[in-house]
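All residue numbers refer to positions in the sequence shown, counting from 1.
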Amino acid sequence: MGWPGFHESLTTLVTLGVLAEAAADLDGARRRCTQAREVLMDVRERLDRVLDDAFRIGSFRPLEDLFREEEAALARYEESVTRLAAARERCAGLRAALATERELMRQPVLRHRIQ
């Protein structure tokens, strides 16, 4: 779901459904970020072990594939961090908008007579 345009936002209120959707997106983004970090750490641990073995035997050929795998895992992790930040920002914005809407609803309505 994208952010509403300026004119749309004047008539669209934050609903609990939209807020729940954003919270679910945030939870999913957190989960994917954690998984991506775990994959990256696993690849780096394997790379460290293989690197130690390569130094011991004097051959670095097997490292090429692991370096590529590490680069791909790092790219996935960085993307998941970016998506997590966007999901956090969206949730925070929706919560702030909801709080503002609730505050506006609590304020008394002043009626002006047209003269």
Side-chain angles (χ1 to χ4, degrees):
M1 175 182 170
W3 289 100
F6 174 73
H7 295 292
E8 271 184 65
S9 66
L10 295 176
T11 59
T12 303
L13 297 176
V14 175
T15 64
L16 294 180
V18 169
L19 191 55
E21 177 188 316
D25 289 347
L26 178 56
D27 287 342
R30 280 186 183 129
R31 194 171 39 261
R32 287 185 296 277
C33 190
T34 299
Q35 290 169 345
R37 184 179 184 284
E38 289 171 358
V39 168
L40 178 60
M41 294 298 105
D42 288 345
V43 170
R44 286 184 172 170
E45 286 174 12
R46 279 189 301 151
L47 187 58
D48 284 344
R49 286 191 304 271
V50 171
L51 189 57
D52 289 342
D53 291 343
F55 273 116
R56 195 168 15 85
I57 63 173
S59 173
F60 295 95
R61 286 192 148 233
L63 293 175
E64 217 174 286
D65 291 338
L66 273 175
F67 278 124
R68 278 201 270 313
E69 190 177 340
E70 192 258 352
E71 285 177 10
L74 179 60
R76 283 190 301 273
Y77 174 68
E78 289 173 345
E79 176 64 24
S80 69
V81 167
T82 300
R83 289 179 186 259
L84 177 58
R88 283 182 176 150
E89 185 177 327
R90 179 175 179 231
C91 264
L94 286 170
R95 285 186 185 119
L98 183 60
T100 300
E101 289 172 4
R102 285 182 175 169
E103 184 60 33
L104 288 172
M105 287 181 204
R106 287 188 194 113
Q107 294 177 3
V109 177
L110 300 176
R111 301 207 184 254
H112 296 283
R113 288 183 5 178
I114 299 176
Q115 297 178 352

Participant: Tell me which pairs pass side chain to side chain donor-acceptor pair (under 3.5 Å) where either residue lies in residues 35-45, with sequence neighbours left out.
Facilitator: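 Side chain to side chain donor-acceptor pair (under 3.5 Å) check on residues 35-45 returns Arg44-Glu70.
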Participant: Taking only residues two or more places apart in sequence, or in another chain, which ones meet Glu64 in a side chain to side chain contact (heavy atoms under 4.5 Å, CB included)?
Facilitator: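 Once residues adjacent in sequence are excluded, the partners of Glu64 under the side chain to side chain contact (heavy atoms under 4.5 Å, CB included) criterion are Arg68.
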Participant: Not counting sequence neighbours, which residues clear side chain to side chain contact (heavy atoms under 4.5 Å, CB included) with Ile57? List them please.
Facilitator: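 Only Ser59 meet the side chain to side chain contact (heavy atoms under 4.5 Å, CB included) criterion with Ile57.
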Participant: Report the residues that fulfil side-chain hydrogen bond (donor to acceptor under 3.5 Å, both in side chains) with Arg32, sequence neighbours left out, ordered by chain and then residue number.
Facilitator: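 None.
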Participant: How would you list, by chain and number, every residue that makes a side-chain hydrogen bond (donor to acceptor under 3.5 Å, both in side chains) with Arg56, sequence neighbours excluded?
Facilitator: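 Per chain and number, Arg56 pairs via side-chain hydrogen bond (donor to acceptor under 3.5 Å, both in side chains) with Asp53.
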Participant: Quick one: salt bridge (charged side-chain N to carboxylate O under 4.0 Å, His left out) partners of Arg31, sequence neighbours excluded?
Facilitator: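 Salt bridge (charged side-chain N to carboxylate O under 4.0 Å, His left out) check on Arg31 returns nothing, list empty.
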Participant: Mind checking what makes side chain to side chain contact (heavy atoms under 4.5 Å, CB included) contact with Leu19, not counting sequence neighbours?
Facilitator: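 Checked Leu19 against side chain to side chain contact (heavy atoms under 4.5 Å, CB included); matches are Leu94, Arg95, Leu98.
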Participant: Give me each pair satisfying ring-ring contact (aromatic ring centres under 6.0 Å, His included) with a member in residues 19-56, each pair once, sequence neighbours excluded.
Facilitator: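 Output for this query lists Phe55-Phe60.
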Participant: Tell me the closest heavy-atom pair linking Leu63 and Ala54, and the distance in Å.
Facilitator: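 Closest heavy-atom pair between Leu63 and Ala54: CD1-CB, 4.1 Å.
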Participant: Under the side-chain hydrogen bond (donor to acceptor under 3.5 Å, both in side chains) test, which residues partner Glu71, sequence neighbours left out?
Facilitator: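 Here no residue qualifies.
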Participant: How long is the gap from CZ on Arg30 to OG on Ser80, to the nearest 0.5 Å?
Facilitator: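 Reported to 0.5 Å precision, the distance equals 13.0 Å.
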Participant: Any chance you could pull the hydrophobic cluster mates of Met41, using side-chain heavy atoms under 4.5 angstrom and chaining through other members?
Facilitator: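 Reading the cluster by chain and number, Met41 sits alongside Leu40, Leu74, Tyr77, Val81.
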Participant: Under 4.5 Å side-chain heavy-atom separation, chaining through any Ile, Leu, Val, Met, Phe, Trp or Tyr, what else clusters with Val39? Say none if it is isolated.
Facilitator: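 Direct or chained contacts put Val39 with Val43.
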Participant: Can you tell me how far the CG atom of Leu47 sits from the CG atom of Asp52, to the nearest 0.5 Å?
Facilitator: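 Interatomic distance, Leu47 CG to Asp52 CG, rounded to 0.5 Å: 9.5 Å.
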Participant: Heavy atoms only: give me the nearest Ala29-Ala87 pair and the separation to one decimal.
Facilitator: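 Looks like CB-CB, 4.1 Å.
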Participant: Going by the salt bridge (charged side-chain N to carboxylate O under 4.0 Å, His left out) test, which pairs reach into residues 73-85, not counting sequence neighbours?
Facilitator: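 Passing the test, one end in residues 73-85: Glu79-Arg83.
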